[in-house]
There are 2 protein chains.
Amino acid sequence: MELAEASDRLLVAAERLYYTRGIAAVGIDDVRAEAGVSMRRLYQLYPSKEHLVAAYLDARDVRWRGRVAAHVDAAGDDPGERLLAVFDWLGLWFAEDDFRGCAFINAFGEIGGDSPLILAAVRRHKDLFRDYLVDLARAFPTDAPEVLAAGITLLAEGAMTVAAIGTDPDAAAHAKATAHVLLDAARR
Amino acid sequence: MELAEASDRLLVAAERLYYTRGIAAVGIDDVRAEAGVSMRRLYQLYPSKEHLVAAYLDARDVRWRGRVAAHVDAAGDDPGERLLAVFDWLGLWFAEDDFRGCAFINAFGEIGGDSPLILAAVRRHKDLFRDYLVDLARAFPTDAPEVLAAGITLLAEGAMTVAAIGTDPDAAAHAKATAHVLLDAARR
DNA sequence: GGCAACGGAGAACGATCGTTCTCCGATGTG
DNA sequence: CACATCGGAGAACGATCGTTCTCCGTTGCC
C-alpha cells in the first residue's frame, strides 16, 4: 500500500473513531485495524498518537469549515441571511445521528494543555472559524463588524456546547433568534 | 479518621487535581495521596473512580454557582445590572491563575456519554445554571424572559468555551457587551 | 489480659495501551 | 538463482492505573 493511501485511510478511520468514541478511549490499534494499515506504516506516517490526533483534527477542520461554507453559500448573497445560515447549518449538524459535540472543544477537554500539538490544532480551528465569521460580518452593513462577529462567535460556540451536553434541544434555533436580534441592533 | 472528614479531604483534593490536570490524567492514588486518606477509606466512600468524579462535580457545582450568585447579589437590585454582573464574574474567573475552562464542559469532553453518572452530573449543573439565568431574566422587564435567558445562556457558555481555549482574551467583555444589546432589545 | 473488629500502608493483580521488535514472505535486481 | 530490501502481521515490552488483597498494629470490649 502506498503512503498516500495509507494516510487517507488512517485519517478517515481516525475521524470516525476519535470523534464518536473520544480520543483517550480509542487505541492506536483500533485506528490501525479499521484503516487496514500495518503498525509499521502508521508509525512511519505519524510518529506518535499525538501526531495522528493532530492530523485528524486538521483534516476535520478542513471538512467541517467546508460544510459550513457550502451551506452559507447556498443561502445566497444577502449578508444577513448568510450570517443566519450559519445557525441553520448548526441545527442540521446537531440533529445528525452521530453528533457528539464539537470535536475541538471535546479534544481540548480531553487533552487540555498537555499536548502543544493538539492545543495548537484546536486553536487554529477556532481562530479560522472566528475569522470566517468576521468575514461574513464585514459584508454586513454595520459600523462595528468585529463586535458583531464576536457576538455571533459566542452564540455559535455556546450553541455547540449546550447542544453537545444536551441541555437545550433547540440550541441552534435559540442561537439564530438571538443572532437576529444582534443583526437588527447592529444594522447601520 | 472519620468518614466525614475523609470525604471532605477527598473532595477538596479531587477538585484541585481533576480540575487543574484533567480527570483521565489524575489517578485514584494521586487523589488519595493528596487527601491523606487510605485506599480502604476511599473505596468505602466512593466505590469507583466514576463515583468519586461525580461527587467532585456535584461539589464543584455548588461552590461555583455559589460564587456566581454572591457576585450577582453584590451587584444590587437592578435586574439588568444583575444579569450583566454574571459576565463580570466570568471575567474575574477567566483571569484566575488556575482557570482551565468549565470543569463540566471539560468533563463532558473527556468522558462523553460513557458514564451515565458523570453525564448526569454535567447536565444537572448546566440545567441549574440555566435555571438561575432564567430566574434573573424573569426579574427583568421583558415580554419573553425565557427567550432572553436562552440568549444569555448561550453567550455565557460560549464565553467559557473561547476563554478556555484561549481564542479570545476578552471573551467576558465581549459577551457582556453583547448581552447589553440583548437587554436593550428585550426591554419592555 | 485476651480477643475480635477495624483500618492504615502499600503490595499485588489484571487489564489496557503506546511503542518497538521479531519473524517471515514477497519483490525486484545482478 | 542469490541476495538484499521492504513491509505486513502481530507478539513483546514497559508503563500506567483501577481495584483488591495481605499484613499488621491499634483500639475497644468482655
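From a predicted model like this one, the values you see are computed outputs, not experimental measurements. In what follows, every heavy atom counts, from backbone to side chain, and hydrogens, waters and symmetry copies are set aside. Sequence lines set the chain letters: A, B, ... in the order given, protein chains first and strands last, and positions in each chain run from 1.
Considering only side-chain atoms of K49(B), the nucleotide from dT19(D), dG8(D), dT19(C) that sits closest is dT19(D).
Summarising the geometry, the separation between CD1 on I23(B) and P on dT16(D) is reported as 21 Å, rounded to the nearest angstrom. Here the P atom of nucleotide dC6(D) and the CD atom of E2(A) are 16 Å apart, to the nearest Å. Across the protein-nucleic acid pair, I28(B) atom CD1 and dT20(D) atom P stand 11 Å apart, rounded to whole Å. Following rounding to the nearest Å, I118(B) (CD1) and dG18(D) (P) show an atom-to-atom distance of 12 Å. Whole-Å rounding puts the R32(A) CZ to dT20(C) C1' distance at 14 Å. Remark: P of dA9(C) and CG of L42(B) are 13 Å apart, rounded to the nearest angstrom. Atom-to-atom, OH of Y43(B) to P of dG10(C) comes out at 17 Å; the value is rounded to the nearest Å. Put simply, CD on E5(A) is 14 Å from P on dG7(D), counting in whole angstrom units.
No option in T167(B), D168(B), V162(B) other than T167(B) meets the side-chain contact (heavy atoms from CB on, under 4.5 Å) test with I165(B).
When heavy atoms are screened at a 4.0 angstrom cut-off, V31(A) is found touching no nucleic acid atom at all.
At the phosphate of dA9(C), neither OP1 nor OP2 sits under 4.0 Å from any side-chain N or O atom of R40(B).
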Go through it in stages, so that I can follow the logic: the residues are S7(B) and Y46(B), the test is side-chain hydrogen bond (donor to acceptor under 3.5 Å, both in side chains), and I'd like the CA-CA distance, side-chain angles, deciding distance and then a yes or no. CA-CA 9 Å; S7(B) 183; Y46(B) 304 103; 2.9 Å; yes
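Under the 3.5 Å distance criterion, the side-chain polar atoms of N106(A) are matched with a main-chain donor or acceptor of R100(A).
Residues L136(A) and F140(A) fail the side-chain proximity criterion, which asks for heavy atoms closer than 4.5 Å.
Along DNA chain C, the nucleotide closest to M39(A) and the one closest to S38(B) are compared, and the more 5′ of them pairs with S38(B).
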